[in-house]
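In what follows, every heavy atom counts, from backbone to side chain, and hydrogens, waters and symmetry copies are set aside.
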Amino acid sequence: MDTHGFAILSRLRQYFPQVRSLLMDQATLQAHLALCTEEMDSKRFTGELTGLAPDESPVFAALKDNTFGKNLRLEQERIGYAWLLDAL
């Protein structure tokens with residue numbers, strides 16, 4: 001979960017609007033802040049995205065604005081397995 005990932009998701013929805021994200025929400029991000037790494041400046045997307053769901057847009061904005069830390073990036077491999085099972 002990072003700004004670039006949200007940009008990819010937004011573009012994907014231009015072709016497949018029914019796509020739903022999984023674990024790209026604020027609760028997941030905040031529960032895993034200690035496991036975040038830093039998104040490289042060259043990969044960050046700081047423009048506007050129109051293809052995000054109402055619960056995704058605030059998370060993208062928080063990442064873009066560095067609300068929870070500088071250039072946060074949460075790699076999917078770092079999300080706890082139990083957290084994933086609960087989401088499924």
Chemist: Once side-chain hydrogen bond (donor to acceptor under 3.5 Å, both in side chains) is applied, do any residues pair with Ser21, and if so which ones, sequence neighbours excluded?
Modeler: Glu56
Chemist: Roughly how far apart are Gln14 CD and Arg11 CZ, rounded to 0.5 Å?
Modeler: 8.0 Å
Chemist: Quick one: closest heavy-atom pair of Val59 and Asp25, and the distance?
Modeler: CG2-C, 3.7 Å
Chemist: Looking at side-chain heavy atoms only, is the closest gap between Leu9 and Met24 below 4.5 Å?
Modeler: yes
Chemist: With distance as the sole test, does Asp2 use its side chain to make a donor-acceptor pair with the main-chain N or O of His4 at under 3.5 Å?
Modeler: yes
Chemist: Give, for atom CG of Leu63 and atom CZ of Phe6, the distance between the pair rounded to the nearest 0.5 Å.
Modeler: 6.0 Å
Chemist: Does Arg20 reach the side chain of Gln18, with side-chain heavy atoms less than 4.5 Å apart?
Modeler: no
Chemist: Roughly how far apart are Phe60 CZ and Ser10 OG, rounded to 0.5 Å?
Modeler: 8.5 Å
Chemist: Less than 4.5 Å apart, any side-chain heavy atom of Leu84 and any of Leu22?
Modeler: yes
Chemist: State which residues pass side-chain hydrogen bond (donor to acceptor under 3.5 Å, both in side chains) with Asp41; sequence neighbours excluded, sorted by chain then number.
Modeler: Asn71
Chemist: Using a strict 4.0 Å threshold on nitrogen-to-oxygen distance, state whether Lys64 and Glu48 make a salt bridge.
Modeler: yes
Chemist: Give me the atom names and distance for the closest heavy-atom approach of Ala27 to Trp83.
Modeler: O-CZ2, 3.6 Å
Chemist: For the pair Glu38 and Arg73, evaluate salt bridge (charged side-chain N to carboxylate O under 4.0 Å, His left out) and give the outcome as yes or no after the intermediate values.
Modeler: CA-CA 5 Å; Glu38 188 172 327; Arg73 176 175 194 250; over 6 Å; no
Chemist: Would you find more than 12 non-hydrogen atoms of other residues, nucleotides or ligands less than 6.0 Å from Gln76 atom CD?
Modeler: no
Chemist: Rounded to the nearest 0.5 Å, what separates atom NE2 in His32 from atom CG in Leu23?
Modeler: 8.0 Å
Chemist: Assigning hydrophobic clusters by single linkage (Ile, Leu, Val, Met, Phe, Trp, Tyr; side-chain heavy-atom cutoff under 4.5 Å), is Ile8 placed with Leu74?
Modeler: no
Chemist: By side-chain hydrogen bond (donor to acceptor under 3.5 Å, both in side chains), which residues pair with Glu77, not counting sequence neighbours?
Modeler: none
